[in-house]
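Notes for the one structure printed next.
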Amino acid sequence: RWGYNTLVSWGLFVDHSWPVDLATSVSTEDRRKLHRLFEYAASREIRLLVGLGIYSWGFEEIIRAYPQLRQGENIKVWGRVVPHNGDCMCFSQSESREWMRRIVDFIVEVTDAPGFQLQPFDKGRCICPRCAEMDDATYFSAVSYDVANYIKERWPDKMVVVSGWGMNFDERTNLEAVKRMASRLDYLADITNSSLLTGRDFRRWLISQLPCDFGDSAGCSVTCPQTWDRLRWYLPHVQHNGAYIRSMYEDGGRASEIFAGPLMNPGTAVSLRAIGALLANPGLSDVSVVEAAVEEVYRPRNGETRNRLVQ
């Protein structure tokens, strides 16, 4: 109803690290709950994707059991070389690829999810001598292609997207590596809006070169600490997001990843409804979608009250 067609959920199986015995990550009752969750999403015509860290995030227990999966004393995280965090598998090790496939197979076995959102760079990358031969863009693209290609070969109808945490898209980007990755994706999200740093002309050109849809996070969203009272802030941000959505659409982008928030917060409730309407129809005005959202969320008693809320 709000214009969204896909949701991504993280933490459905583990909140920190995969166990070596993958089956122990979910109980029999958890499996039943997951089955009901995916059934409900499908009944509402929503694709519920499983968020999955690839080669980075969630591998501490597996690496402790199989230390050969970790190579070197350092890793690279967000442009900095830091001591190894024990959570990054070496992409050059064939056993690491086997573990990634086992995890994907396990998720499909339990949920038969309609697709995956892959994040390959969130907690760093391996920089052992073999992996270090690849620059960041090439490495990012290679690990993403590896997992996306495996999924598409086994289940061609499943949606596969990449959320580009830790990756910058600019004139130095290895375009051929990114295009190879994109050939197995449904869309690629420039989640930090990095392609705009080089200018819209570059972003427009980049989008034209890719074989999949491209998008960003539509600017920024307000996601306050989880420990805060959900009514502590009131920061609607529709005009900000609307400008980003329209410029991305004009440049050829056809995807966007919006961060959800607590719907009990009245500002978040209005923003998410209005942003969804703009994503479904970028030609709508900010005022019109806010008016509709205000009517649904607040149900103002009269036009004067509605107008004050909209303003």
Side-chain angles (χ1 to χ4, degrees), residues 8 10-11 14 16-18 49-60 62-63 69-93 96-97 99-101 103-104 115-151 160-198 206 210 212 214-217 220 255 257 259:
V8 179
W10 285 76
V14 294
H16 178 68
S17 186
W18 288 99
L49 307 185
V50 175
L52 180 63
I54 57 174
Y55 294 93
S56 168
W57 191 93
F59 301 104
E60 289 184 22
I62 293 172
I63 289 174
L69 300 178
R70 163 186 168 170
Q71 296 290 312
E73 295 301 317
N74 298 315
I75 57 172
K76 190 175 183 182
V77 182
W78 292 89
R80 295 184 302 116
V81 175
V82 300
H84 204 296
N85 57 16
D87 205 6
C88 291
M89 295 195 297
C90 174
F91 178 60
S92 298
Q93 298 292 313
S96 298
R97 304 186 187 202
W99 271 106
M100 279 309 321
R101 284 154 174 69
I103 291 170
V104 169
F116 291 83
Q117 183 208 62
L118 308 179
Q119 291 191 14
F121 217 56
D122 205 7
K123 295 187 72 175
R125 56 156 291 187
C126 180
I127 52 172
C128 73
R130 292 177 64 189
C131 290
E133 294 176 358
M134 294 180 277
D135 61 28
D136 289 347
T138 306
Y139 182 91
F140 172 95
S141 302
V143 297
S144 300
Y145 176 85
D146 176 71
V147 180
N149 186 58
Y150 177 74
I151 294 169
V160 183
V161 306
V162 163
S163 185
W165 286 105
M167 179 61 191
N168 290 322
F169 298 94
D170 56 31
E171 293 171 330
R172 296 167 296 176
T173 298
N174 183 339
L175 180 61
E176 291 308 310
V178 174
K179 286 170 65 175
R180 182 170 182 263
M181 167 187 65
S183 70
R184 301 304 269 164
L185 302 181
D186 292 276
Y187 74 77
L188 172 63
D190 177 17
I191 205 68
T192 58
N193 307 294
S194 65
S195 58
L196 272 182
L197 297 177
T198 309
L206 175 64
L210 297 177
C212 71
F214 185 85
D216 60 11
S217 57
C220 66
E257 289 192 349
F259 288 88

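None of the values given here were measured: they were computed from a predicted structure.
- Within the model, atoms CH2 of Trp99 and CD1 of Ile62 stand 4.5 Å from one another, a figure rounded to the nearest 0.5 Å.
- Within the model, atoms CG of Asp190 and CG of Leu197 stand 8.5 Å from one another, a figure rounded to the nearest 0.5 Å.
- Remark: Asp87 pairs with Lys123 by the salt bridge (charged side-chain N to carboxylate O under 4.0 Å, His left out) rule, at least two apart or across chains.
- Nearest heavy atom pair, residue Leu185 against residue Ala148, reads CD2-CB, 3.8 Å.
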Kindly list each side-chain donor-acceptor pair under 3.5 angstrom involving residues 160-168, sequence neighbours excluded, with atom names and distances?
from: Ser163; atom 1: OG; to: Glu257; atom 2: OE1; distance (Å): 3.1

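- When the side chain to side chain donor-acceptor pair (under 3.5 Å) test is applied to Asn85, no partner is found at least two apart in sequence or on another chain.
- Shortest non-hydrogen contact noted between Thr173 and Phe169 is OG1-CA, 3.4 Å.
- The salt bridge (charged side-chain N to carboxylate O under 4.0 Å, His left out) test applied to Asp216 returns Arg203, not counting sequence neighbours.
- When the options Ile75, Val77, Asp136, Val143 are evaluated for a side-chain contact (heavy atoms from CB on, under 4.5 Å) with Arg125, the one that passes is Asp136.
- Atom CZ in Phe140 sits 9.5 Å away from atom CG in Leu118 (nearest 0.5 Å).
- With rounding to the nearest 0.5 Å, the separation of SG in Cys131 from NZ in Lys76 is 12.5 Å.
- Thr198 and Asp170 share no donor-acceptor pair across their side chains, judged by distance under 3.5 Å alone.
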Item to check | Ile54 and Ile103: CA distance, side-chain angles, deciding distance, side-chain contact (heavy atoms from CB on, under 4.5 Å) verdict | outcome: CA-CA 10 Å; Ile54 57 174; Ile103 291 170; over 6 Å; no
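- Using a 4.0 Å cut-off between a side-chain N of Lys or Arg and a carboxylate O of Asp or Glu, Arg101 and Asp146 qualify as a salt bridge.
- Proximity of a side-chain donor or acceptor of Ser96 to a complementary backbone N or O of Met89 within less than 3.5 Å is not detected.
- Around atom CZ of Arg97, more than 12 heavy atoms belonging to other residues, nucleotides or ligands sit under 6.0 Å away.
- Here the closest heavy-atom approach between residue Ala132 and residue Ile127 is recorded as CB-O, 3.7 Å.
- In this structure, the salt bridge (charged side-chain N to carboxylate O under 4.0 Å, His left out) partners of Glu176, at least two apart in sequence or on a different chain, are Lys179.
- Between Leu52 and Met100, the closest side-chain pair of non-hydrogen atoms falls below 4.5 Å.
- Between the CZ atom of Phe91 and the SG atom of Cys126 there is a distance of 10.5 Å, given to the nearest 0.5 Å.
- Distance CD/Gln119 to CD1/Ile191: 7.5 Å, rounded to 0.5 Å.
- Residues that satisfy the salt bridge (charged side-chain N to carboxylate O under 4.0 Å, His left out) test with Arg130, not counting sequence neighbours, are absent from this structure.
- In this structure, Ser183 contributes its side chain and Arg180 its backbone to a donor-acceptor pair below 3.5 Å.
- Using a distance-only test at 3.5 Å, with no hydrogens or angles considered, no donor-acceptor pair links the side chain of Ser56 to the main chain of Phe121.
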